[in-house]
Undergrad: 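Have a look at the structure that comes next, please.
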Amino acid sequence: MFTVNENYLKLPGSYLFSTVGKKEREYRAANPDKKVIKLSIGDVTQPIAPAIIEAMHKAVDEMGTAEGFHGYAPDLGYEFLRSAIAKSDYKARGVDIDIDEIFVSDGAKSDSANIQEILGPDNIIAVGDPVYPVYVDSNAMAGRTGEYDSASGMWNKVIYMPCLEENGFAPKLPEKTPDVIYLCFPNNPTGATITKDELQKWVDYANEKKALIIYDAAYEAYISEENVAHTIYECDGAKTCAIELKSFSKNAGFTGVRLGYTVVPKELKSGDVALNPLWARRHGTKYNGAPYIIQRAGEAVYSEAGKAELKKQVAYYMNNAKVIKEGLASAGYSVSGGVNAPYIWLKTLNGMTSWEFFDYLLNEVSVVGTPGSGFGPSGEGYFRLTAFGTYENTVEAIDRLKKLI
Ligand code: MLT
């Protein structure tokens with residue numbers, strides 16, 4: 001008889017955004033007359049920028065010609081895209097990343113889940129709490145997280161680093177030493193970030209403890225403050241301790257297009273074993289590459305026209321973040337985030353749990369958000385709103401929330 005991966009049986013409930021989506025669909029079905037505003041999953045609403053659409057059209061036409069047809073993509077991604085990434089995301093910030101250290105993929109979500117495959121099964125992981133659930137769930141599926149305790153909402157082999165109001169919703173260096181540390185700045189879900197000097201402390205700590213940092217920089221385009229690193233490799237010594245994950249979803253609206261990349265520096269080693277060839281091996285064996293058309297779209301993100309158009313798109317969403325943050329704060333809500341990130345983190349009203357507040361907002365004002373506790377136990381009593389809605393819907397949602405206080 002075949003058996004199943006029993007680690008899956010230990011997972012609590014369903015994936016956070018699947019649960020939120022199901023509740024939203026049920027509410028819509030029961031209330032067809034209500035205008036529901038969705039500020040839950042961080043999914044973009046603005047159309048793909050013209051320079052990118054043009055590049056995609058061109059690539060589609062090429063595929064219909066004998067000379068321009070492209071089959072399987074190279075394992076690591078097309079050189080034209082990896083060169084554009086190396087130049088614009090790294091060299092322009094004074095960081096040298098070789099194109100062989102860049103692995104193009106279908107997005108940061110899958111990379112953040114898959115990267116643990118090249119790590120030993122006994123590694124102890126440390127995560128911020130609250131945290132993007134994929135990091136923990138993917139390690140749970142691999143059997144690395146021990147047992148789940150439903151009372152505390154914690155896995156007994158995971159080191160949780162609470163991100164609370166008193167520490168600016170950013171984790172402190174853990175007391176117990178982890179093998180792998182997941183960091184996400186600007187942070188999903190709290191919208192908080194740390195300065196480059198603070199990030200340097202994590203890099204120094206990881207090098208000292210021989211730990212690996214998996215650095216999720218998916219929201220880098222939303223950094224507005226000067227003293228925040230745009231890549232972890234701005235910190236000295238990061239190449240010997242950090243892998244960086246990047247996404248085209250949030251800066252270029254590729255949530256439905258799918259494109260991302262991961263940087264695994266050649267200097268990064270566990271003892272004598274370099275991680276770069278391991279990830280290359282995994283990539284080559286399990287993945288046939290993002291489509292040519294999509295990689296050409298990614299290249300256009302770095303064109304002069306693409307950059308200018310995307311700057312406006314990011315500004316549009318950050319204006320929504322301002323509308324949410326200032327609107328809620330003026331009404332008396334306790335809010336944070338939204339300055340270097342498209343997420344606003346707020347306290348629920350009247351001591352409600354996160355899920356109670358979710359139901360309350362849905363039933364009273366037909367607004368969908370994401371319950372903080374879905375991201376981890378320290379998120380209990382908090383709620384996340386995304387700035388990725390349309391401006392009009394964002395203004396309307398905030399007007400509705402203001403009336404509740
Ligand atoms: C989120 O809402 O946290 C993100 O959009 C989910 C994701 O990027 O996978």
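Keep in mind that the numbers below use all heavy atoms, side chains included, and drop hydrogens, waters and symmetry copies. Just so we're clear, the structure is a prediction, and the values are computed from it rather than from any experiment. Remember, it's 1-based here, ligands and their atoms both numbered in the order they're listed. We count residues from 1, following the sequence as given.
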Undergrad: Can you list, by chain and residue number, every protein residue with a non-hydrogen atom closer than 4.0 Å to ligand 1?
TA: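 Within 4.0 Å of ligand 1, the protein residues are F17, I41, G42, K109, Y132, N188, Y219, K250, Y343, R384.
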Undergrad: Using 30° and 60° as the class boundaries, would you call the ring planes of Y205 and W202 parallel, tilted or perpendicular?
TA: perpendicular
Undergrad: Is there side-chain contact between L349 and L404, with at least one heavy-atom pair below 4.5 Å?
TA: yes
Undergrad: Any Lys/Arg nitrogen of R296 or E299 sitting under 4.0 Å from an Asp/Glu carboxylate oxygen of the other?
TA: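 Looking at E299 together with R296, the answer is yes, because their closest N to O distance falls below 4.0 Å.
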Undergrad: Please name the pair of heavy atoms, one in D111 and one in S105, separated by the smallest distance, quoted to 0.1 Å.
TA: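 Result for this residue pair: OD2-OG, 2.9 Å.
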Undergrad: Is the distance between the ring centroids of F169 and Y382 less than 6.0 Å?
TA: yes
Undergrad: Is the Y317 ring parallel, tilted or perpendicular to the F388 ring (thresholds 30°, 60°)?
TA: perpendicular
